[in-house]
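I'd like to ask some things about the structure below.
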Amino acid sequence: MKKVRSKKKLFLGVDGGGTGCRARLVDEAGNVLGQGLSGPATTRLGVGNAWASVMRAWTCAAEEAGINSSEAVNVMAGIGIAGLTRIGSREELEALPHPFGSICFTSDGAAACLGAHSGHDGGIVIAGTGSIGLAMVGGHEVRAGGYGFPISDEGSGADLGLKAIRFSLRAYDGRREKTALLHEVLHRFDHNPANVVGWMDKATATDYATFAPLVLRHADQGDSVARQIVQSGAEQIDALVRRLLEYGAPLVTLLGGLAGPLEPWLAPDVRRRLKPADGDAVAGSIILARRLKP
């Protein structure tokens, strides 16, 4: 990495997510000077913990770039944080002392959207453990879905897993055919519904999402129930994309672990309005940083 040897303005982008935090420091020309990684940076774990993770990632990036603490005043920082929409989270973060010349906060989703479309109007639909649609249109952020599993997040990995378990229990009762998918799901619980109930009492969205690869594999193999589940999930992603287009997003980018597997299942009119991402969420946070005034 190129080392910093001047007092020129620098830009820090941070993508603070539920599984980890990434930081990238660039100069005015966009050259990467340093990068850093740390643990989760989501307000779900507390604003203080999220901020500590951001600062660890920044410190790693600064060390790689050869920057000492006194030079942080030259840094404009754009910080994307998971869970920023939680009541009071933004206000708490903005009240914290920081070493930078200027700082701004946004959600990790908004940062991903800015990065995907190079700061221009556009939308993203994230299909991973959860799901959400988000777009930037005319400088305004608009959203669809993403209220959390199980009340929302349709078309997500957790949603696919929930349907697979639900249908497997129906098959156990003889209320529907026991296909290969449903047999394998039941086998994981020793074909005992009591085990399913016990698991359910402690299961998280991530736990449900572990069944999504199983559903996708059986769908590819022609299993009728698996295909039904995947097609239903794809229709929900279709609906999110169409809503973003109605908001005024010219194009939409699919992101998340299920983006690739689900894209072939999407409706033709939806697929025509998709585009690859220009950049990642860190790039989006850097775009925000560049808009700041010292």
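Not measured: the values here are computed from a predicted model. Below, all heavy atoms of this structure are taken into account, side chains as well, without hydrogens, waters or symmetry copies.
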Under 3.5 Å, is there a donor-acceptor pair between the side chain of D108 and the main chain of G17?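 No: the side chain of D108 does not pair with the backbone of G17.
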
Taking the side chain as every heavy atom from C-beta outward, state whether R188 and S168 have any atom pair closer than 4.5 Å.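 R188 vs S168: side chains apart.
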
Where S38 and S53 come nearest, the two heavy atoms and their spacing: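 What the structure gives for the nearest pair is OG-O, 2.7 Å.
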
pair L266-V241: side-chain heavy atoms closer than 4.5 Å: no

Are R90 and F105 in a cation-pi setup, meaning NZ or CZ lies under 6.0 angstrom from the ring centre and within 45 degrees of the ring axis?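 Pair R90/F105 does not count as cation-pi.
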
Salt-bridge test for D269 and R273: reply yes if a basic N is under 4.0 Å from a carboxylate O, no otherwise. no

Side chain proximity check, H191 to H183, heavy atoms < 4.5 angstrom: yes

Verify, without hydrogens or angle tests, whether Y247 (side chain) and R143 (backbone) share a donor-acceptor contact under 3.5 angstrom. yes

Got a list of side-chain donor-acceptor pairs under 3.5 Å for residues 204-218, not counting sequence neighbours?
residue : atom : partner : partner atom : Å
T204    : OG1  : T206    : N            : 3.4
T204    : OG1  : D207    : N            : 3.3
T204    : OG1  : D207    : OD2          : 3.2
D207    : OD2  : T204    : N            : 2.8
T210    : OG1  : D207    : O            : 2.5
R217    : NH2  : E184    : OE1          : 3.3
R217    : NH2  : E184    : OE2          : 2.9
H218    : NE2  : E184    : OE1          : 2.8

Heavy-atom check, side chain of E64 versus side chain of C60, under 4.5 Å: no

Please confirm whether the backbone N or O of S89 pairs with a side-chain atom of E92, one donor and one acceptor, at under 3.5 Å? no

Could you check whether any side-chain N or O of T42 sits under 3.5 Å from a backbone N or O of L45, counting only pairs where one atom can act as donor and the other as acceptor?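 Looks like no, no N/O pair under 3.5 Å.
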
Report the residue from V14, D15, D280, L33 that forms a side-chain contact (heavy atoms from CB on, under 4.5 Å) with R24.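 So the option named by the test is D280.
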
Would you say that V197 contacts M200 through its side chain, given a criterion of any heavy-atom pair below 4.5 Å between the two side chains?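 Heavy-atom side-chain distance check passes, below 4.5 Å.
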
Taking side chain as C-beta onward, heavy atoms only, is R22 less than 4.5 Å from Q35?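 Not touching, per the 4.5 Å side-chain cut-off.
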
Hey, mind stepping through N192 and F189 against side-chain contact (heavy atoms from CB on, under 4.5 Å) and telling me if it holds? CA-CA 6 Å; N192 187 344; F189 296 100; 5.8 Å; no

Would a 4.5 Å heavy-atom cut-off, applied to side chains only, mark V26 and R290 as touching?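 Counting from C-beta outward, V26 and R290 do come under 4.5 Å.
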
For S232 and Q228, indicate whether the former's side chain and the latter's backbone hold a donor-acceptor pair under 3.5 Å.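 No, the answer is negative, given that no donor and acceptor are paired below the 3.5 Å cut-off.
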
Is D121 reaching over with its side chain to a backbone N or O of G138, donor-acceptor style, under 3.5 angstrom? yes

Is there side-chain contact between L93 and I79, with at least one heavy-atom pair below 4.5 Å?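 When only atoms from C-beta onward are counted, I79 and L93 do not touch, as no gap falls below 4.5 Å.
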
Output, in order, the C-alpha distance, side-chain angles, deciding distance and verdict of side-chain contact (heavy atoms from CB on, under 4.5 Å) for I126 and I132. CA-CA 5 Å; I126 301 174; I132 188 173; 4.0 Å; yes

Can you name the closest pair of heavy atoms from A23 and W58 and give their distance?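 Minimum heavy-atom contact is CB-N, 4.0 Å.
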
Assess whether side-chain contact (heavy atoms from CB on, under 4.5 Å) is satisfied between I237 and L258, documenting all intermediate values. CA-CA 10 Å; I237 301 302; L258 290 184; over 6 Å; no

What do the steps show when you test T253 against H117 for side-chain contact (heavy atoms from CB on, under 4.5 Å), and what is the final call? CA-CA 8 Å; T253 298; H117 300 281; 3.5 Å; yes

